[in-house]
Amino acid sequence: MNRSLIFLAGGQGVRMNTALPKQFQKVGGKEIALYSFEKFLAEETITEIVVVTHQEWRPLFEAKRKGLLFAEPGTTRQESVKNGFLKLKAQEDKVVATHDSARPFISSELIEQVYQAAEAFGAAACALPISYTVKKADREGLVINTVDRSDLYEIQTPQALHYSLMEKGFDLVEKGGISVTDDVSLAEILGYAPKLVEGLKKNLKVTYPEDLSLVELYLK
Ligand code: CTP
Ligand code: MG
C-alpha cells in the first residue's frame, strides 16, 4: 500500500506561551519539529509528505527534502489535518499517517508498526495503558467514582488510517458538525475499531514550559 504522512506543525502553542510556536523552539541545537520529521524522512516506504505549517516555516522543511507538499494550518488541529488531507493525491490504495510535530521522540519501529497495523485493521494509533488512578468528579470537584483503568489508554501519534476512511470520516464529521480530538476517531465514527499499538513513554507531547526540561533530559 502507498504510504503518506500529514506532519502537523501549524499550532500556536498557547499553553507553552512563548514567542515562537513550541515546535520551532530549539532544544539541543535543533528545532523540536525536526527530530520527528527526520525520523519520517528516513522511512523509504513513505512516498508523499504534506507539512501543515505557516508559509514562513516552509524553508525549514524544504531544506531537508525536495518535493514536499504544504498546507496552511486551520484554527483547530482537526482543520489542519483536513487541510493536509486535501493536498494528498486521491488514492484508494493508500494509508495516511498523522504526526504531531510537538512529539520529538518517535522511533522508526513505532512508525512501521503503526502503518502496518493500519494496513491490516483500517486504522491504528500508538497508545500507552494509563498507569495512574483516574476518578470521575462533579463540577464542585467531588468524586463520583474511581474509574477502572484496566482498559483505558492514553493516545499518542503517529496514528494512521486508510485514505478512504479518512475521506468518509471527514464527510461525516462535517455534515454532523462533530469535532474529534484525534485522527483515528474518523474511522471510529464509521464503525471501525482502530488497532492500538504500544507507544513509548518517551513519546511525550511538548505542551507546557516544564516539558522542555524533559526533552533535554531525553536527549542526553
Ligand atoms: N496543530 C496544528 N494546527 C492547529 C493546532 C495544532 O497543526 N490548529 C499541531 C501542533 O503544531 C502540534 C499538534 O498539532 O504539533 C498537537 O497540538 P497541540 O499540542 O495542542 O499544539 P498547539 O495547539 O500548538 O498547542 P496549544 O493547544 O497549547 O495551543
Ligand atoms: Mg492545541
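Whatever order the structure lists them in is the order used to number ligands and atoms, beginning at 1.
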**Q.** Geometric N/O contact Val206 with ligand 1, under 3.5 angstrom
**A.** no
**Q.** Heavy-atom pair with the smallest gap, counting every atom of Phe85 and Ile6
**A.** N-CD1, 3.7 Å
**Q.** Heavy atom of Thr76, distance to ligand 1 below 4.0 Å
**A.** yes
Q.
Taking 4.0 angstrom as the limit and counting only heavy atoms of Asp100, give me the atoms of ligand 1 inside it, by number and element.
A. 13 (C), 14 (O), 15 (O), 16 (C)
Q | Nearest-neighbour protein heavy atom for atom 29 (O) of ligand 1, which is reported as residue plus atom name and distance | A | Val14 N, 2.7 Å
Q) Does Thr75 have a non-hydrogen atom less than 4.0 Å from ligand 1? A) yes
Q: Before signing off on this row, confirm whether Thr207 and ligand 1 have an N or O atom pair separated by under 3.5 Å.
A: no
Q: Could you list the atoms of ligand 1 found under 4.0 angstrom from a heavy atom of Ser80?
A: 2 (C), 3 (N), 4 (C), 7 (O), 8 (N)
Q: Mark yes when over 12 heavy atoms from residues, nucleotides or ligands other than Tyr192 sit less than 6.0 Å from its OH; otherwise mark no.
A: no
Q | Atom CD of Glu44 with >12 non-hydrogen neighbours under 6.0 angstrom | A | no
Q) Within the distance-only criterion (no hydrogens, no angle test), does the side chain of Gln159 pair as donor or acceptor with the backbone N or O of Val184 below 3.5 angstrom? A) yes
**Q.** Derivation of the salt bridge (charged side-chain N to carboxylate O under 4.0 Å, His left out) call for Glu72 and Arg58
**A.** CA-CA 10 Å; Glu72 279 300 307; Arg58 291 184 184 187; 3.4 Å; yes
(Q) I'd like the name of whichever of Gly74, Ala102, Gly11 reaches closest to atom 8 (N) of ligand 1 through any heavy atom. (A) Gly74
Q. Is atom NZ of Lys94 surrounded by more than 12 heavy atoms (other residues, nucleotides or ligands) closer than 6.0 Å?
A. yes
Q) Nearest to atom 20 (O) of ligand 1 by heavy atom, Arg15, Met16, His99, Gln23: which? A) Arg15
Q. Would one find an N or O of Leu8, backbone or side chain, under 3.5 Å from an N or O of ligand 1?
A. yes
Q. Are there more than 12 heavy atoms of other residues, nucleotides or ligands under 6.0 Å from atom NZ of Lys205?
A. yes
Q.
Looking at ligand 1, is there an atom of it that comes within less than 4.0 Å of some heavy atom belonging to Lys22?
A. yes
**Q.** Heavy atom of the protein closest to atom 7 (O) of ligand 1 (residue, atom name, distance)
**A.** Gly10 N, 2.9 Å
**Q.** For atom 22 (P) of ligand 1, closest protein heavy-atom neighbour
**A.** Gly13 N, 3.8 Å
Q: Flag Val52 as yes when one of its N or O atoms lies below 3.5 Å from any N or O atom of ligand 1, and as no otherwise.
A: no
Q) Is there a donor-acceptor contact under 3.5 Å linking the side chains of Thr45 and Arg3? A) yes
(Q) With a 3.5 Å distance limit and no angle check, can you tell me whether His162 reaches the backbone of Ala118 through a side-chain donor-acceptor pair? (A) yes
Q | Part of Gln12 with heavy atoms under 4.0 Å of ligand 1, whether side chain, backbone, both or neither | A | backbone
Q) Does atom CD of Glu198 have more than 12 heavy-atom neighbours from other groups under 6.0 Å away? A) no
